[in-house]
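Taking it in order: structure first as structure tokens, then the write-up.
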Amino acid sequence: MIEWKKRSKRYQLGLLSFAFLTLLLGNSAWAGEGAHEMSGVGLLRGIGIAASLIGIVGLILVQFTYRARLPRGTYHWLLLVGLFILPITATTSTALTVLEGTKAVDACASCHVMKPFVEDLKNPHSASLASRHYRNSWIAKDQCYACHVTYGVNGTIEGKRDGFRHWLYYVTNTYQEPVKYAGSYPNSNCLNCHAETPKWQRVKSHRALSNDLTTDRVACIACHGPPHPLPHERKFGNPSNSIHFQEANDER
Amino acid sequence: MTDASGNNNELSRRDILRVMGVAAGMASLSSLPGCGNIWERQAVIPVENWHKGVCRFCGTGCGMMIGVSNQKVVNVKGDESAHNKGRLCIKGLMNREILYTKDRLLYPLIRKNGTLQRATWDEAMELVAKQFRQAIDQFGPDSVAFYGSGQLYTQESYTANKLFKAGIGTNNVDGNPRLCMASAAAGYTSVYGKDEPAGCYEDIDHAGCFFITGSNTLECHPILWERIRDRKRRYPETFIMVVDPRRTFTARHADLHLSIIPGTDVALYNAMIHEFIRNDFIDTDMVENYLSFQEGKAKKSFEDLKQHVAEYSPKKVAMICGVTERDIQEAAYQFASSDATMSLWTMGLNQQVQGTAANRLVNAMHLLTGHFGRPGATPFSITGQPNACGGVRDTGSLAHALPNGRVVKNPKHRQEMEDLWKVPRGRISPKPGFHAVKLFEAMNRGDIKCCLVMCTNPGHTMPNSGHYRKGMEKTFLVVADSFHPTETTRFADVVLPAALWVEKEGVTGNAERRYHHYPKVVDPPGEARNDLSILVELADRLGYKELISARTPRDVWEEWRKISAHSKYNFEGITYDRLLTERGILWPCPSEDHPGTPRRYLPGKDPMAHGSGRFDFYGKPDGRATIWLHHQEDPLDPYTEEFPMIFNTGRILEHWHSMTITGQVEQLKPLHPDYLEIYWRDAHHLGIEEGTQVLVRSRRGEVELRARLSDVVRPGMVFATMHSAQHLVNFATHDVYDPFSKQPAFKRCAVSVRPKSV
């Protein structure tokens, strides 16, 4: 009995130091990627990594090193943690990491077909809706997602299906350039921010078209677009894209 | 794999293949109607076919794709490949509704016993032909007239012009562009020798300074305004100046707003030229080599101009215009010192008694400072209607004009047209016909027995319209319109149902000299027919079958483009096939491989220009553009104690002209344009409360409107829109006109305003 108590203290110490080391490792790995603040995605990623590492190392230790010395009850609890709780935590965290991480502009930018859009977004002399919202910080972060809100955890099934279709076309290289938006863009993406303001509500044309706008029979971008460079304004298929329609204006 | 009890627990290879097959099948189903939603978003309004076309409304001429399903226009969207980059304004979007409003006229009407009754086309056209033939035989060709429109297709205006001038032999061919763009046309022709702007919309993308004068661009040419805004969004240091008596939505975006007293433009521009000279912003190369100076019929020099504008110091003009000296100096400085200045103007300048003078002076400001012919540097007159340029100005469908800049008074021009139209010499009358105001005056007198009115509403839009309605009643009036009733059809003896927009095919020319094509995508309702076929049938019945040999839009175009090759308005290279495939082409365009001309008068860039100098003003015999000297004149409708206030008229974004097209559109109906903007302090003095009925009375008539207290107008000035038929502002407006262009002055007259006593 006394031996087990001494051993349990050692186990506790061992487990604690192991957890601490894992956190340290995870922390440095995360810090090494240059994250300067605790973002939601970073936290989720950290939890996922920590849960995975603790789970793997812990299971190995429990099963192969300490099994004989563990009381049966403890062993089964540890298995529960290692085989169900930690894996669920890890998978949930990674899923959320992806769903949240894909909201970032850099995530959209990772496909080269999006290059003209992201370059335009960051172009200080572009007049597109995207670049103006970006340049004036009207949207604080995750600018692509802010208007294309069907992605993410709270997004629609439609968004997941679209994402799947985009991925499928992309990896099989069967997409048609210039890419075009399918169907009617949901005005709610614009109206959620804009329709609340008195400035918007005062405009006669908005009042006249309020029905058409809420049912997407008329698009906000019909009058206020284009949101992105037009198809003929993008150079496509070429990794080193540039927004050529802006160049003429730069020679003033 | 089966387990001990014989159950199959895992997916076999066959199962996997089955699942993949189902997935592939589902994906392929997406092409079936109704199943598309499984794979891809579907449009809210399904469209079978999209057709390339153009908007029915303003002079911007936005390219649009027209969506047709089940033989109906169900949707429109901006054409991304056209100059408007896929943008449309609310009127543009409502194009999809206008064909289906309830006031469409479906069959011909003949007035019998005082009321308009349904008739057949045969009956109606026979009656029209008979009346015209009788009048011509009994009273001569000048007893009949054609009053056309900047909204007819080019082929239609061209045919009407040819029929009346080279067939019937009268120059009584005029139209509503007389009320809209005549001063701009007179301005351009007297300065450059040729009509139409030298620049194009693309100049907006390069300007460093915008001088917007007499234009509420945001409401009246919203897509051009959006392009101007884009320029500012890209380069925030771009300077926008607005000259407008009212603090319009456009003016609210300006970096400098000069709220001048209506009708004082000449003084303002003279003051700005005064400043250019004083601050050494004159382009001496221009003055020495490319400009000439004139006042009336007298030749002048630059020194004369200097002396002339010495009277117009900013200090003095500030009093005349009701602005500050500093603002005038600032405006002049910004205009002259920017990299590239672009002026834009429309009715504020044109609908004045000194409209031509104002136009000439804006052009002069550009020429004197050298802001001309470079990207972003150009004086650009914005056209109001979709086809005033291509259809009426370029075809010469005006009382004094002949095609491609020719004039009736010039015997050489008449001979040229007689030869081109293959009619005997002497067929075209040497006497200019009646311009709009004179035409309706002649109807009052009984000198015009028959008049064909197409695609316009003079009963509503003529200034002092009460006076001219008697004449319309008296005359045998034939009105072709898509809608009934209107303020003109109510006086008609025959009303002919006309096709609207894409119910007929044709070509128009927008403000930037772009000729573009409208397809026919649906059939007109009822028995309505396109205006070209109406003119062709009239020509046949009057015996001019051989003259009007071109009878389809394509054939008329072929004839017209070949005729243009004999002038500096040469667009022979704009073939019908090119129009079908391209998003319009800017003329001059002399050959089929020519891409079109963004900027005119530049040797090497403009195919009509010669030499190697900076400019070739080939419209003038000496190759120099003319700077005209003008003095500010006093208003012709004097302000007295009885009529102390200035009455200004204009438009709003959501409605078009006399509202026959937009008035019954569901989305636009709730927007009532029958208000009177009155400065709050004036309202207070007159005892007028917000929303109450007021009477605006002039020396000619009165109109009842609903008071809207605001600070948009200047003190002492009131504003109303021209749109409402139930509240016709033209009962009060003044039919005085510009002596050069004959364009009436809608923008200013003297009125009294008082609450309507209950």
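Residue numbers start from 1 in every chain, and the chains themselves are labelled A, B, ... in the order their sequence lines are given, proteins ahead of strands.
- A:N136 does not touch chain B: none of its heavy atoms, backbone or side chain, sits under 4.5 Å away.
- B:A43 approaches A:S184 most closely through the heavy-atom pair CA-OG, 3.4 Å.
- Of the residues listed (A:D216, A:T215, A:N187), the one engaging B:V44 in a side-chain contact (heavy atoms from CB on, under 4.5 Å) is A:D216, and it is the only one.
- Surrounding NZ of A:K141 are at most 12 heavy atoms belonging to other residues, nucleotides or ligands under 6.0 Å away.
- Taking 4.5 Å as the limit, some side-chain heavy atom of A:R135 sits within range of a side-chain heavy atom of B:R233.
- With values rounded to the nearest 0.5 angstrom, A:R132 atom CZ is found 7.0 Å from B:R229 atom CZ.
- In this structure, CZ in B:R41 is found 9.0 Å from OH in A:Y185, a value given to the nearest 0.5 Å.
- Within 6.0 Å of CH2 on A:W138 lie more than 12 heavy atoms contributed by other residues, nucleotides or ligands.
- Using a 4.5 Å cut-off between heavy atoms, A:L168 contacts chain B through its side chain alone, with no backbone atom that close.
- For A:E233 and B:K85, the salt-bridge test passes: some basic side-chain N is under 4.0 Å from an acidic carboxylate O.
- To the nearest 0.5 Å, the span separating OH on B:Y235 from NE2 on A:H125 amounts to 4.5 Å.
- Contact annotation for B:R96: only side-chain heavy atoms (C-beta onward) come within less than 4.5 Å of a heavy atom of chain A.
- B:E666 has its side chain out of reach of A:D212: every pair of non-hydrogen atoms, C-beta onward, lies at least 4.5 Å apart.
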> Hey, mind stepping through B:M94 and A:L209 against side-chain contact (heavy atoms from CB on, under 4.5 Å) and telling me if it holds?
Replying inline: CA-CA 10 Å; B:M94 293 297 101; A:L209 292 174; 3.6 Å; yes
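- Taken to the nearest 0.5 Å, the CG atom of B:L88 stands 7.0 Å off from the SG atom of A:C223.
- Counting heavy-atom neighbours within 6.0 Å of A:F84 CZ, excluding the residue itself, gives a total of 12 or less.
- Heavy atoms closer than 4.5 Å to chain A are found in the side chain of B:L671, but not in its backbone.
- Looking at A:S210, neither its backbone nor its side chain comes within 4.5 Å of chain B, counting heavy atoms on both sides.
- The shortest non-hydrogen separation linking A:L230 to B:E80 is CD1-O, 3.5 Å.
- The minimum heavy-atom distance between A:R161 and B:E40, with the atom names listed, is NH2-C, 3.6 Å.
- With rounding to the nearest 0.5 angstrom, the CD1 atom of B:I652 is 4.5 Å from the NZ atom of A:K204.
- To the nearest 0.5 angstrom, B:Q667 atom CD is 8.0 Å from A:R217 atom CZ.
- Contact of B:E654 with chain A is made through the side chain alone, with heavy-atom distances under 4.5 Å.
- Top candidate by heavy-atom pairs under 4.5 Å with chain B, chosen from A:A219, A:P124, A:A208, A:S131, is A:A208.
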